[in-house]
Structure formats: C-alpha cells, structure tokens
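Since the structure comes first, as structure tokens, the remarks are kept for the end.
Letters A, B, ... are given to chains in the order of the sequence lines, protein chains preceding strands, and every chain is numbered from 1. Since this is a predicted model, take the numbers as computed values, not measurements.
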Amino acid sequence: MYTKPILLAGYLQTTALTVFVLNVTLEISLWEEERYTDGSKWKFLEHKGPVFAPPYEPLPSNVKFYYDGKHMKLSPQAEEVATFFAKMLDHEYTTKEVFRNNFFKDWKKEMTPEEKSKITNLSKCDFTEMSEYFKAQTEARKQMSKEEKQKIKEENERIVQEYGFCVMDNHKERIANFRIEPPGLFRGRGDHPKMGMLKRRIRPEDVIINCSKDSKHPKPPPGTKWKEVRHDNKVTWLVSWTENIQGSIKYIMLNPSSRIKGEKDWQKYETARRLKKCVDQIRAQYRDDWKSKEMRIRQRAVALYFIDKLALRAGNEKEEGETADTVGCCSLRVEHIKLYPELNGQEFVVEFDFLGKDSIRYYNTIPVEKRVFKNLQLFLENKQPEDDLFDRLNTSILNKHLQELMDGLTAKVFRTYNASITLQQQLKELTSEDNTPAKILSYNRANRAVAILCNHQRAPPKTFEKSMQNLQSKIDAKKDQLADARRELKSAKADAKVRKDEKTKKAVETKKKAVQRIEEQLMKLEVQATDREENKQIALGTSKLNYLDPRITVAWCKKWNVTIEKIYNKTQREKFAWAIDMADKDFEF
DNA sequence: GTCCTCACTTAGGAAGATCGAG
DNA sequence: CTCGATCTTCCTAAGTGAGGAC
C-alpha cells in the first residue's frame, strides 16, 4: 500500500504535480533516503528464495516406451529425458535434424550402459504412448470439477503469497519470475545450432542467493545448500544460476510494477527525450560525416543513419555456431543488402533482407540519399557476400561515439526516441472528435505505425481467416438488421403522418433510436474488422510495453476523454503507474 | 583493440483464464 | 451452460551495453 506514494514522491521531484504532496510528506523523506548516489540499488533486501521445479514423477508402468517395436523399461533418468521429447512430439521441432541429433546425443548421456548399447537410433524410438498419456492428463485437467480447479488455484495463490514477493527498502514488491526454469529440451528460435539439447535441472547447489546481510536469509530445501549467499547491493537480482546450454547467467528479478523497474523505465524515456532536443544536430553531424576522408567515420555515419531512419538494432557481434545467424545494423553483411541505382521509378534504392532478433525477417526497400548510396557502393567494393558491410565499425565504437554526442546516448535510445515520437505525431494526425471506437482505432493505428517501424511481427494467428469470416458474417447480419429497422422507421413515420396522435409519435421516436443503436453497433463491428485485418502479422504489444513513453498515451486519453482502461489492461496499468500518476493532458514527449 | 563476464531490457510464442455467442 | 475465440499472463530466449583483464 505504501509503495505507490513513495514511488510518486520520487517523480514529484521533477514534475510539479502538487496534488499528492500533502499526504506523502513522510514518504518523501523516505524517498530522499533511498536515492543512492553511489550506485547502490538498495539497502535492505529480503526474500524467500526461488521455487524449484517439482521433482520428476516416473510414468505409471502401463505407459510404455518401445524401441524397434519392442517394449523397453527405461531407467528413471533416461525416462525423464524421454518424456521431454514425448511432450514435444506434435511440435515441428521434433522433425528437425539438428533438434533430433542434439536431443539424442544428450539423451544418451542420461542412459545406463545397457540402454546406451541398445538404443542406437532415434527413429526406432516410439514415444507415442508417453505422448498420449500426457495429452490425456491435460484433458483430465480441463475436465476437472470447479471445486478441484478452485483448490489448485488456491494452492497456487498460496505459493505466490509466500514466494512471489520480497521486501526491498521498506516496499513489499512483486517478484517477476520466482520459479526456477524446469528442465526440458532447449527451444532456440530460428535455425539454432543448439536446439534439442537437454536443459538440466537446477538444484539449490547451483543457485546464488542475493539479499541483505541484515535480512532473514532464505532457507534452502531440507538437506541441501545454496551455492552461495551474497550481499551485493550494486545489483537488483535476488537469485541467479548458470544455465548449461550457453553458459549464461539467469536471474530472478522484480516485477515491472516495482519501484526499481519503474524508475529505470522512466529514466529510459527521459534519456530519449533528451535525444529529442539534440537529434537535429546529431543528424546534421552524421550527414556531414558521410563526406569524411576516413572510412571508419563514413561507416559510422551511414550505420547511424540506418539506426536513426530505420530503427535498426545496434547489432553486436555473436559467436559463430553458438546461436542462430542473426544480425543488427553493425553486423550487417554484404549479402544482406542490394543496391539499385534505380528501382520502380525511384533513385538510389537499398533493399534490406536479413534475419534480426529472434530470427524475425527484416525486409525493406528504401530510397536513400545519393551520398549514402555512393558510400554503400564503396563499402561493398572487393568484398564477398559473407564479409561485414561495416568492416571498420562495431557497436562499441558506435556507442563510444554516441556517448560523446550526448550523455547516456546509445544506439538503442534511437529506437525508443523514434518509436515514441512517431506515436505522438501519429496520434496528433489521426485522432479526431469522433466516437470512442473510432478514437481507439486511431490509437491502434498510431501504435501500428510504430510496430511496423520497429519490425515487430507475429505469426498470423492460426484461426485468423476463420475469425475474419465470422466477423464479416456478423457485419452482414447487422446490415440486414439495420435495413429492417429503417423500414420499420419509415412505416412508423408514414403512420404518424396520417394519425397524428401521441402514440404514433412515440413509436417513431423509439424506431429512430433503434436505427441509431444498430448503426452504432455496425460501425463498431466494421472498425473492429479493419483493425483486425491491419493487424494480421503485426504485434503491437512489444512497442506498447517497451518503446512508447506511457505518458504520451496517458495524455492522449485525458485529452480525448478515453478511459485509460480502454488502452492499458491491468498489468499495463501497474507497470505504468508512474506515468498514469504523472502525466496530464498537456504532456509532450 | 579484443575478449570475456555480467546485468539488465526486449521479444514472440505457449499456456492459461476469461468472455460471449448460441 | 458449453465451447471456441480472444485476451492476459507466463515463459524464457535473445538482444544491448558496461566494464574489466590482457
């Protein structure tokens, strides 16, 4: 309960929002205490530690595994790993060569010597009984009675209450991911060389706990020990462990609604707003640098132009063979672009075609300025398709340069800035004094413009065509209904003209209202259809959650009298609580 | 510079919960 | 009340970028 006022108090320091000042005087002093200048993230941190994955439950003896058509009883370790595969049997992954090979190699490591000598070919393994068994279990769970479901829900709730919260500097905060990732088969995205590898079970002995010395330390499960308990208040995580696929560290951290995340988020948008103030100058500078005598500066300037204009990601180098082959701006290769001196009546066109983060394809053809084009031709000279386009540049060089142009400026700030400024400008352009659904369509379209800019795609929903058809038939039905209502209105009017009594007059009014209501409903459906069609392959969520300054949205809602609930759901409102409290209708990004 | 480690943000899909039409 | 569609939450992979060792 006291989280919010303290949070607010912090924001009050930079926004002259006086309404809340009176009742948070006490908390302001608390907040002041908590503003660390030495890089500390907290003074006090107490939590209950992570929730571990439930132990493996062996299959009932009637669920059999067959090798080469013959029943084979597997050792518990081998069986557990087999179930991971069985659970994915319907997934495309299990048809992929790389996935199957990686899985089989890791599975064999879990087998007893006898199993290993017998099971030599994955194609001879029959997991269907296991698969059917798990499907039946899922089905059974769905068919449970209301009471049983309620019981499970309550048990889950109890776990959340016990492990889902921590105390950080007097605030009780929600933890984002307090459950340790269960073992399973690694599902990389795109053409990942490690897909199918066994992600091993994490034990308390693998886990590092971070909390304050003076807190009640979390207890490891009976008979176990933590790898380490440390008290590092320069970081925000509560628990960490090293994952075995890439050797990277995983963390348990706080929910986006927490003070520590909210403040960071706010800071991010403030940095982007500072960029707004100097972006013109930076643009002038990189345009000038296109003419530089030095190759490295020209490359830097062209790359920055792409990052700015196309909202490309920075593009760190990646270790070859360890991950899917994806790139960002600085890691673009010759094979990822094509130059057309002329294309479809436009001059100096660049075609981009590459796989970005999560192996999402970026495809775009854009006309660029002649100077950029000439530079690109120069960068391509004497290179092979697999050579780097920007061979004198990497993200570190670029970011060092950006840091000199503005304090806190990095490549990703451009994405945030361009996303937010686009939303603001599109909202201005598209919104008009209209009914609420039309305003919301405008909002979604502005949001969509950003999602397109940032290349946030999604797989078209499997049911997309059908759901479009359903909506269309609803629209047709509504149109018929409207025609009927109009006919009735007409006859009622005619009737009233003849009879001229109160009763028929009233009837006309009623029919008029009915027509209006149906017109409204029809319009709403049509808007919905437009929105859905335009959204087929576009994901709005990512930009909404990570790129758009929420204060723009809050201000828009206030200005146009749209309730915030129409734009942000409960989780989003919690995450953006700071903005909802802070922004008024005149906020400008 | 280059490599490596670490912490943190950003990302799309899967699973689960809720809604609304019939 | 049931079922499929849709919305929300969960999950965890995949990025960014700072900083330190050499």
Side-chain angles (χ1 to χ4, degrees), chain A residues 39 41 87-88 91 93 138 141-142 146 149 152-153 156 160 176-182 184 186-190 192 194-195 199 208 210 232 234-237 240 242-243 245-256 260-261 264-265 267-268 313-319 322-324 326-331 355-360 392 394-400 402-403 408-416 419 451 454-459 461-464 466-468 470-471 473-474 477 528 532 537-547 568-572 574:
Chain A
K41 305 289 169 65
K87 282 177 181 166
M88 292 179 72
H91 204 289
Y93 272 119
T138 312
R141 229 172 298 132
K142 271 193 221 155
K146 259 193 183 142
K149 282 184 184 167
I152 290 172
K153 208 173 165 186
N156 272 328
V160 172
N177 55 326
F178 57 88
R179 288 174 209 274
I180 284 195
E181 296 172 17
F186 176 74
R187 302 154 92 117
R189 317 235 170 101
H192 198 117
K194 297 192 172 184
M195 64 166 76
K199 213 172 94 162
I208 302 172
N210 194 31
D232 181 358
K234 300 282 190 279
V235 297
T236 67
W237 54 267
S240 76
T242 301
E243 151 272 345
I245 304 289
Q246 326 264 2
S248 67
I249 308 168
K250 300 273 192 164
Y251 302 94
I252 291 181
M253 292 184 192
L254 297 194
N255 198 69
I260 204 152
K261 294 288 185 190
K264 196 82 187 293
D265 205 34
Q267 226 178 65
K268 172 180 79 184
R313 293 187 185 82
N316 283 314
E317 302 95 303
K318 313 169 66 183
E319 210 173 334
E322 293 292 301
T323 60
T326 62
V327 297
C329 185
C330 294
S331 50
L355 297 181
K357 182 177 180 179
D358 292 321
S359 293
I360 297 291
R392 305 288 175 84
N394 61 41
T395 53
S396 170
I397 295 170
L398 179 64
N399 281 330
K400 269 186 194 124
L402 293 177
Q403 187 59 236
L409 187 61
T410 64
K412 84 188 192 78
V413 178
F414 281 88
R415 252 168 99 80
T416 311
C454 294
N455 201 230
H456 291 141
Q457 298 190 28
R458 62 167 183 174
K462 286 192 183 73
T463 53
F464 185 83
K466 214 171 110 206
S467 92
M468 256 350 255
N470 289 347
L471 198 52
S473 46
K474 266 193 206 169
Q528 204 185 342
R532 193 176 298 179
Q537 305 196 61
I538 299 177
L540 300 185
T542 304
S543 50
K544 203 171 186 180
L545 233 48
N546 300 298
Y547 288 101
Y568 289 148
N569 67 29
K570 185 160 96 31
T571 317
Q572 295 167 161
E574 281 166 12

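You'll find the side chain of A:M88 reaches within 4.5 Å of the side chain of A:R187, heavy atoms only. At a threshold of 4.5 Å between non-hydrogen side-chain atoms, the residues A:I260 and A:M253 do not count as touching.
Counting non-hydrogen atoms under 4.0 angstrom, A:R392 reaches nothing in the nucleic acid. No engagement by A:K149 is indicated, since no non-hydrogen atom pair under 4.0 Å with the nucleic acid exists. Among the atoms of the strands shown, only primed sugar atoms or phosphate atoms (P, OP1, OP2) are found under 4.0 Å from some heavy atom of A:R415.
For the pair A:H456 NE2 and B:dG13 P, the computed distance is 12 Å after rounding to whole Å. Between the CD atom of A:Q267 and the C1' atom of B:dT9 there is a distance of 13 Å, given to the nearest Å. Remark: P of B:dT9 and CG of A:N546 are 10 Å apart, rounded to the nearest angstrom. Rounding to whole angstrom units, NZ of residue A:K153 and C1' of C:dT8 are separated by 13 Å. One interatomic measurement links the two molecules: CG of A:L540 to C1' of B:dA11, which rounds to 14 Å at whole-angstrom precision. The nearest whole Å value for the distance from the CD1 atom in A:I252 to the P atom in B:dA7 is 14 Å. One interatomic measurement links the two molecules: CD of A:Q572 to P of C:dC7, which rounds to 12 Å at whole-angstrom precision. Atoms CD (A:Q457) and P (B:dG12) sit 8 Å apart, rounded to a whole Å.
The nucleotide whose nearest atom lies closest to any side-chain atom of A:A459 is, among B:dG13, B:dA11, B:dC8, B:dG13. Residue A:Y547 places its side chain closer to B:dA11 than to any other of B:dA11, B:dT18, B:dA7.
In this structure, A:W237 and A:K268 both approach DNA chain B, and ranking their closest nucleotides by distance from the 5' end singles out A:W237. Comparing A:I397 and A:M253 by the nucleotide of DNA chain B whose heavy atom lies nearest to each, the residue mapping closer to the 5' end is A:I397.
For A:H91, no side-chain nitrogen or oxygen approaches OP1 or OP2 of B:dG13 to under 4.0 Å. Residue A:R532 has a polar side-chain atom (N or O) positioned under 4.0 Å from OP1 or OP2 of C:dT6. Residue A:K234 has no polar side-chain atom (N or O) positioned under 4.0 Å from OP1 or OP2 of B:dC6. Contact check, A:K41 against B:dC8: a side-chain N or O comes under 4.0 Å of OP1 or OP2.
The overall bend of the helix from B:dG1-C:dC22 to B:dG22-C:dC1, read as the angle between its terminal helix axes built from five base pairs each, is 10° when rounded to 10 degrees.
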Inset, instruction - Take A:K318 and A:T326 through the test side-chain hydrogen bond (donor to acceptor under 3.5 Å, both in side chains) and record every step on the way to the result. - result: CA-CA 8 Å; A:K318 313 169 66 183; A:T326 62; 2.6 Å; yes
Legend entry - CA sep, side-chain torsions, deciding dist, call: A:L398, A:C330, side chain to side chain contact (heavy atoms under 4.5 Å, CB included): CA-CA 9 Å; A:L398 179 64; A:C330 294; 4.0 Å; yes
Inset, instruction - Tell me, with the steps shown, if A:L254 and A:T236 meet side chain to side chain contact (heavy atoms under 4.5 Å, CB included). - result: CA-CA 8 Å; A:L254 297 194; A:T236 67; over 6 Å; no
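Counting only distance, with no hydrogens or angles, the side chain of A:D265 and the backbone of A:K261 share no donor-acceptor pair below 3.5 Å.
In terms of heavy-atom proximity, A:A419 sits nearest to A:C454 at CB-SG, 4.3 Å. Contact between A:S240 and A:Y251 at its shortest, heavy atoms only, is CB-CD2, 3.8 Å.
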Legend entry - Contact pattern, 5' to 3', of nucleotides 12-22 of chain C - B, S or - by protein heavy atom under 4.0 Å: BSBSBBS----
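Using the six-membered ring where Trp is involved, A:F186 and A:H192 have ring planes that are perpendicular, over 60° apart on the 30 and 60° scheme.
Other residues, nucleotides and ligands contribute over 12 non-hydrogen atoms within 6.0 Å of the NZ atom of A:K234.
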